[in-house]
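Remember, it's a predicted structure, so these values are computed and weren't measured experimentally. For the single chain, residues carry numbers from 1 onward in sequence order.
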Amino acid sequence: MTQPARSPYREHRLELRELLEALMADGLVPPAQARDLLVKLDAGGGRMQHPLLTLADAQWPHPKAPGRKLTAEALTQWLAERIGLPYLRIDPLKIDVTKVTSVIPYAYAARARILPVAVNAGEVMVAVCEPYLHEWERELAPMLKQKIVRVLANPADIERYLLEFYALARSVKASENERSQAGLSNVQNLEQLIELGRSGKLDANNQHVVAIVDWLLQYAFEQRASDIHLEPRREIGNIRFRIDGLLHDVYQIPSAVMVAVTSRIKILARMDVAEKRKPQDGRIKTRTPAGKEVELRGSSLPTAFGEKLVLRIFDPEVLVRDFAQLGFAPEEERSWREMIDQPHGIILVTGPTGSGKTTTLYSTLKNLAVAAVNVCTIEDPIELVEPSFNQMQVNPAINLNFADGVRALLRQDPDIIMVGEIRDLETAEIAVQAALTGHLVLSTLHTNDASSAIVRLLDLGVPPYLIKATLIGVVAQRLLRRLCPHCKRPLEIREARWREIAQGWALPCPPQIYEAVGCLECRETGYLGRSGIYEIMRLNDALHEQIRKDTDFVALRSAALREGLVPLRIAGLMKVTQGLTSLEEVLALTPAA
């Protein structure tokens, strides 16, 4: 530690000793730890990498943030504040890859270890990891003829996205050029695709198209996306990810390339590549960068400018989550377990599309599917292939619908049957028949709350006496976004306002609630992940009295509330008092209590 830190005014690369001196001066690293690291590196234990990454490898605790460590991101942010340079955490979802990769050649960016991250009117924002090197700036300024704005970013991110962004842009450009040369915009059928492939011209298996699709899938896994949307337009194709329930723009590619990318995905999903006039479904099984198996369900739809493709990503880990991890409160979990432990009857899970019904049912079936039990499902389509279930998919082309499927399953000696959705009277009647003959039936309905499920069954034509005889209970649910723990901010709420929202429920006003703020960890949304909220209605004698042909929904709902039903709005407010979500999120997603 005898060498003085180099003056920041001289042009030089960052050095480890220089950073250690600054960290000790700011009270972030004790001298003893700094000496130990230098001794280890001098003995040959260190790697040739950026000094910020070497410091991050030490895994030192962050003295100003209890429970956290001095990560590469934390060290980069510290350094940016210390030297007065803007800090940027690179978020690929907010970067126009095509535009930024067109302003600086890859070879030059890699040599200078810089990454263009934004191109606006009159300026180019460039992420750097060497704040004291300016030679590249002096060389580029005359060529760019735009103002260069420098920001400091994590060296590991710059290195990673340099490769990813330029490789993706190169693949898109190369595939566009090859498609143009091959005249692929006029391809009408699979035979022409095959012929072009044999002639060495671009097809869906072209290396550049394969690279784009591979990047797209791996990138979606890393960003925790639940869906991938490929949307064709007249001249450009949009790629979007759904993350925590919201869609984010990811990339735009020429329409000609979008056709090849769509064809590649259809091949992987075992769809008919030649058929572009009608919707299709398919399935892809692949692995994440960490090696975990993931299933994707593909759905194509003909639109004005070509086929729109959506890939829904199913994480097999949802099947091993317990009910508390799904969002069930202890009392809700107890009620749910008592319902699913019944030997026979019908249990319904309700809610709009995307409310987590399938996840709840699959997790429940996984709990029930022990060696002594035969679990059978009929779905449209099969969401996630699970070896412990016997799964069947409806097939309208051969007149195999839900009702016919359940009839067939009843001859397979099942103990538990899951019907993907009760859509019509025939399916409802056969589900009731299955429950009456000693089977536990789980299914879904699209209703806003639990009470509406009974009204819906009556509207379909199910006799009231059969509903009383078979229906065990109904669970309505929603998925609420969880507040980001890194940036949520306490907020006071007036007791009068709380009582107004609680609508007469004896729910104590909390001393404080939390609101969404937005930070780098949550992409400025203020939310990170989602959790379920549940409205559980178990049928008893008091509710049976309300079930008749002329059932009044208001009377039924009132009776359910008297019997202990906790509405979705109140279940959401309980999450608010625990600091898990915001009041705005609950009010936006739940009906009034």
Show your working on side chain to side chain contact (heavy atoms under 4.5 Å, CB included) between Val517 and Lys488 and close with a plain yes or no. CA-CA 6 Å; Val517 177; Lys488 66 179 183 180; 5.8 Å; no
Going through the checks in order, is the side-chain hydrogen bond (donor to acceptor under 3.5 Å, both in side chains) test met by Tyr251 and Thr98? CA-CA 8 Å; Tyr251 201 66; Thr98 304; 3.3 Å; yes
Could you verify whether a donor N or O on one side chain and an acceptor N or O on the other, from Gln218 and Thr288, lie under 3.5 Å apart? no
Quick check for you: to the nearest 0.5 Å, what is the distance between Leu580 atom CG and Ile513 atom CD1? 13.0 Å
Is it the case that Gln49 and Asp57 place a side-chain donor and acceptor less than 3.5 Å from each other? yes
For Arg224 and Ile243, work out which heavy atoms get closest and say how close. NH2-CG2, 3.9 Å
Between Asp157 and Arg89, is there a salt bridge with N-O shorter than 4.0 Å? no
Between Lys285 and Glu293, is there a side-chain N and carboxylate O pair less than 4.0 Å apart? yes
Show your reasoning for whether salt bridge (Lys or Arg N to Asp or Glu O under 4.0 Å) applies to Asp244 and Arg482. CA-CA 9 Å; Asp244 293 338; Arg482 299 172 66 101; over 6 Å; no
Is it the case that atom CZ in Arg270 sees more than 12 heavy atoms from other parts of the structure closer than 6.0 Å? no
Got a second to check how far Arg82's CZ is from Leu75's CG, nearest 0.5 Å? 12.5 Å
Of all heavy-atom pairs linking Thr76 and Pro155, the shortest is OG1-CD, 3.9 Å
So that I can tick it off, tell me whether Lys266 and Glu307 are bridged by a salt bridge, with the cut-off set at under 4.0 angstrom between side-chain N and carboxylate O. yes
Check: Tyr108/Glu139 side-chain N/O donor and acceptor closer than 3.5 Å: yes
Please name the pair of heavy atoms, one in Tyr87 and one in Glu73, separated by the smallest distance, quoted to 0.1 Å. OH-OE2, 2.6 Å
Pair His248-Lys94, side-chain hydrogen bond (donor to acceptor under 3.5 Å, both in side chains): steps then yes or no: CA-CA 9 Å; His248 298 261; Lys94 296 181 179 178; over 6 Å; no
Rounded to the nearest 0.5 Å, how far does CD1 of Ile83 lie from CH2 of Trp78? 9.0 Å
Between Glu492 and Arg497 (salt bridge meaning N to carboxylate O under 4.0 Å), is one present in this structure? no
Ignoring hydrogens, what is the shortest heavy-atom contact between Ala127 and Val117? Give both atom names and the distance. CB-CG1, 4.0 Å
List the steps and the verdict of side chain to side chain contact (heavy atoms under 4.5 Å, CB included) for Lys69 and Trp60. CA-CA 6 Å; Lys69 296 185 180 297; Trp60 288 327; over 6 Å; no
Passes side chain to side chain contact (heavy atoms under 4.5 Å, CB included), Ile284 versus Glu295? Steps please. CA-CA 6 Å; Ile284 300 173; Glu295 283 196 17; over 6 Å; no
side-chain hydrogen bond (donor to acceptor under 3.5 Å, both in side chains) between Glu386 and Ser388, worked out: CA-CA 6 Å; Glu386 167 54 41; Ser388 59; 2.8 Å; yes
Arg150 versus Trp136, closest heavy-atom pair with distance: CD-CZ2, 3.6 Å
Ignoring hydrogens and angles, state whether a donor on the side chain of Ser582 or Tyr527 is under 3.5 Å from an acceptor on the partner side chain. yes
Is it true that Gln578 and Tyr514 share a donor-acceptor pair across their side chains at a distance under 3.5 Å? no
Using the ring centroid of each side chain, check whether Phe241 and Tyr219 are separated by less than 6.0 Å. yes
Can Glu231 and Arg233 be counted as an ion pair, charged N to O under 4.0 angstrom? yes
Does any N or O in the side chain of Ser226 come within less than 3.5 Å of the main-chain N or O of Arg242, such that one atom is a donor and the other an acceptor? yes
Is Glu123 reaching over with its side chain to a backbone N or O of Gln146, donor-acceptor style, under 3.5 angstrom? no
When you look at Ile493 and Gln512, which way does the side chain to side chain contact (heavy atoms under 4.5 Å, CB included) test go after all the steps? CA-CA 6 Å; Ile493 182 168; Gln512 66 180 21; over 6 Å; no
side-chain hydrogen bond (donor to acceptor under 3.5 Å, both in side chains) between Glu159 and His50, worked out: CA-CA 10 Å; Glu159 183 177 351; His50 194 282; over 6 Å; no
Can you tell whether the side chains of Arg312 and Asp227 come within less than 4.0 Å, N to carboxylate O? yes
Can you tell me how far CZ of Arg489 sits from SG of Cys484, rounded to the nearest 0.5 angstrom? 12.5 Å
When you measure from the side chain of Asp322 to the backbone N and O of Gln325, does any donor-acceptor pair fall under 3.5 Å? yes
Hey, does the side chain of Gln77 reach the backbone of Ala74 with a donor-acceptor pair shorter than 3.5 angstrom? no
Spacing of OH belonging to Tyr106 relative to CZ belonging to Arg111, to within rounding of 0.5 Å: 11.5 Å
Considering non-hydrogen atoms only, spot the tightest contact between Gly327 and Tyr534 and give its length. C-CE1, 3.7 Å
Cys129 vs Ile158 side-chain heavy atoms within contact, under 4.5 Å: yes
Rounded to the nearest 0.5 Å, how far does CD1 of Ile114 lie from CG of Leu162? 8.5 Å
Out of the candidates Val126, Leu88, Ile90, only one should pair with Leu115 under the side-chain contact (heavy atoms from CB on, under 4.5 Å) rule; please name it. Ile90
Assess whether salt bridge (Lys or Arg N to Asp or Glu O under 4.0 Å) is satisfied between Glu584 and Arg481, documenting all intermediate values. CA-CA 11 Å; Glu584 290 75 17; Arg481 292 181 295 169; over 6 Å; no
